[in-house]
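Okay, so here's the structure we're looking at.
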Amino acid sequence: DAVNKDLERTLEDYATLGANYLGVAWIGEEYRTKEGIVRAAKLMERAAQEANKHDLTFFYHNHAFEFETQVDGGYMLDALFGAADPALLKWESDVYWVKKGGADPVAYLNKYAGRVPLVHIKDMTGDGQQSFEIVGAGIIDFDPILSAGDAAGADWYIVEQDQCPKGEVESIRASYQNIVARGWLK
């Protein structure tokens, strides 16, 4: 069918480009129930099986809602990963959104060690808004996060700024300078 052809074409394109990872970054509201999470996990497992045929690792990228939404008495993120085969569904941890959702990024990197090949590095302002900040200029303590990510088997750390406090170029420049100054770049 058309969906399978589109998926196959996408996987072939990613493999041709030399990508190692492919994933999704959202679960629609219709899946944010106990039964829906199981359905979403099974769909992601099927996508992961297809991705594996192209030497691609399939992941789920979180936002805050996975920690703000309760499913079966716990965080939605835990329900998703509990319903999916750890060998198939990996996690792209976005530490900003974990913290914004009220959870501890280090604890979650430890919890899903071996399942976290990608870690998004994003900082947060210390005010009540908890907005996006230049990496190294906010309140997120990256030293324990990077240690936990290394121990969890992270392959890539990705600096991401959803909104740039000083514009795109200056914000990434300042983030890079902070990363280098703190010795976080290896």
Side-chain angles (χ1 to χ4, degrees), residues 20-34 36-37 40-41 43-44 47-48 57-84 86 89-166 168 171-172 174-176 178-179 182 184:
N20 295 316
Y21 300 100
L22 175 73
V24 296
W26 196 258
I27 294 177
E29 290 196 28
E30 68 275 18
Y31 289 98
R32 297 179 192 180
T33 64
K34 183 178 179 180
I37 286 296
L43 287 169
M44 290 183 207
T57 299
F58 191 83
F59 64 84
Y60 181 75
H61 174 287
N62 68 280
H63 291 85
F65 74 86
E66 293 89 348
F67 298 95
E68 297 167 342
T69 305
Q70 295 286 307
V71 172
D72 203 24
Y75 291 137
M76 190 176 92
L77 186 85
D78 293 324
L80 174 66
F81 285 126
L89 183 58
K90 304 300 181 184
W91 182 29
E92 180 177 39
S93 172
D94 188 313
V95 300
Y96 169 90
W97 288 118
V98 173
K99 186 165 182 66
K100 179 98 171 179
D104 177 4
V106 172
Y108 264 83
L109 288 167
N110 292 335
K111 182 173 187 171
Y112 291 109
R115 202 171 178 176
V116 191
L118 307 170
V119 179
H120 270 193
I121 301 299
K122 239 187 295 198
D123 217 336
M124 177 184 289
T125 60
D127 59 14
Q129 296 294 339
Q130 295 182 318
S131 300
F132 302 108
E133 181 58 278
I134 290 168
V135 174
I139 62 167
I140 295 180
D141 185 359
F142 288 104
D143 288 319
I145 288 170
L146 296 171
S147 293
D150 287 348
D155 186 31
W156 283 90
Y157 293 94
I158 304 158
V159 174
E160 180 186 32
Q161 295 193 235
D162 293 9
Q163 296 170 352
C164 301
K166 294 184 177 181
E168 291 85 359
S171 292
I172 198 63
S175 290
Y176 177 77
N178 289 340
I179 288 167
R182 287 167 176 81
W184 295 335

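The CG atom of Leu89 sits 9.5 Å away from the OH atom of Tyr60 when rounded to the nearest 0.5 Å. In this structure, OH on Tyr31 lies 5.0 Å from CG on Leu43, to the nearest 0.5 angstrom. Atom NZ of Lys122 is separated from atom NZ of Lys99 by 14.5 Å, given to the nearest 0.5 angstrom. Of the inter-residue distances, the one linking His63 atom NE2 with Leu77 atom CG reads 12.0 Å to the nearest 0.5 angstrom. Separation of atoms CG (Leu22) and NZ (Lys90) is listed at 15.0 Å; rounding is to 0.5 Å. The CD atom of Gln161 lies 9.5 Å from the CZ atom of Phe132; values are rounded to the nearest 0.5 Å.
Distance alone, capped at 3.5 Å, is enough to place a donor-acceptor pair between the Ser171 side chain and the Lys166 backbone. Looking at Asp123, its side chain does come within 3.5 Å of a backbone N or O of Gly136 through a donor-acceptor pair.
For the side-chain hydrogen bond (donor to acceptor under 3.5 Å, both in side chains) with Asn62, the qualifying choice from Trp97, Trp91, Tyr75 is Trp91, the only one to do so.
Shown here for Ile139 and Gly126, the closest heavy-atom pair between the two residues is CG2-CA, 3.4 Å. Nearest heavy-atom pair, Lys34 versus Val71, reported as atom, atom and distance to 0.1 Å: CA-CG1, 3.6 Å. Closest non-hydrogen pair, Ala148 versus Val106, comes out as CB-CG1, 4.0 Å. Counting all heavy atoms, side chain and backbone alike, Pro105 lies closest to Ile145 at CB-CD1, 4.0 Å. Taking each heavy atom of Tyr96 and Ile140 in turn, the nearest pair found is CA-CD1, 4.0 Å. In terms of heavy atoms, Leu109 sits closest to Gly149 at CD1-N, 3.9 Å.
Classified by interplanar angle (parallel below 30°, tilted 30° to 60°, perpendicular above 60°), the ring pair Phe81/Tyr112 is tilted.
Val95 is not listed as a side-chain neighbour of Tyr108, based on a closest heavy-atom distance of 4.5 Å or more. Residues Pro117 and Tyr21 have side chains in contact (heavy-atom distance under 4.5 Å, counting atoms from C-beta outward). Between Ile27 and Ile37, the closest side-chain pair of non-hydrogen atoms falls below 4.5 Å. The shortest side-chain heavy-atom distance between Thr57 and Asn20 does not fall under the 4.5 Å cut-off.
Applying the side-chain hydrogen bond (donor to acceptor under 3.5 Å, both in side chains) rule to pairs touching residues 127-145 yields Thr125-Asp127, Asp143-Trp184, sequence neighbours excluded.
Looking at Asp94 and His61, their side chains do bring a donor and an acceptor atom within 3.5 Å of each other.
Taking a 6.0 Å sphere around OH of Tyr176, one finds it holds 12 or fewer heavy atoms contributed by other residues, nucleotides or ligands. The neighbour count for Trp156 CH2, taken as heavy atoms of other residues, nucleotides or ligands under 6.0 Å away, does not exceed 12.
Cation-pi geometry between Arg182 and Phe142 is not met: the NZ or CZ atom fails to fall both under 6.0 Å from the ring centre and inside 45° of the normal.
Under the rule for a side chain to side chain donor-acceptor pair (under 3.5 Å), the partners of Tyr157 that lie at least two apart in sequence or sit in another chain are Asp150.
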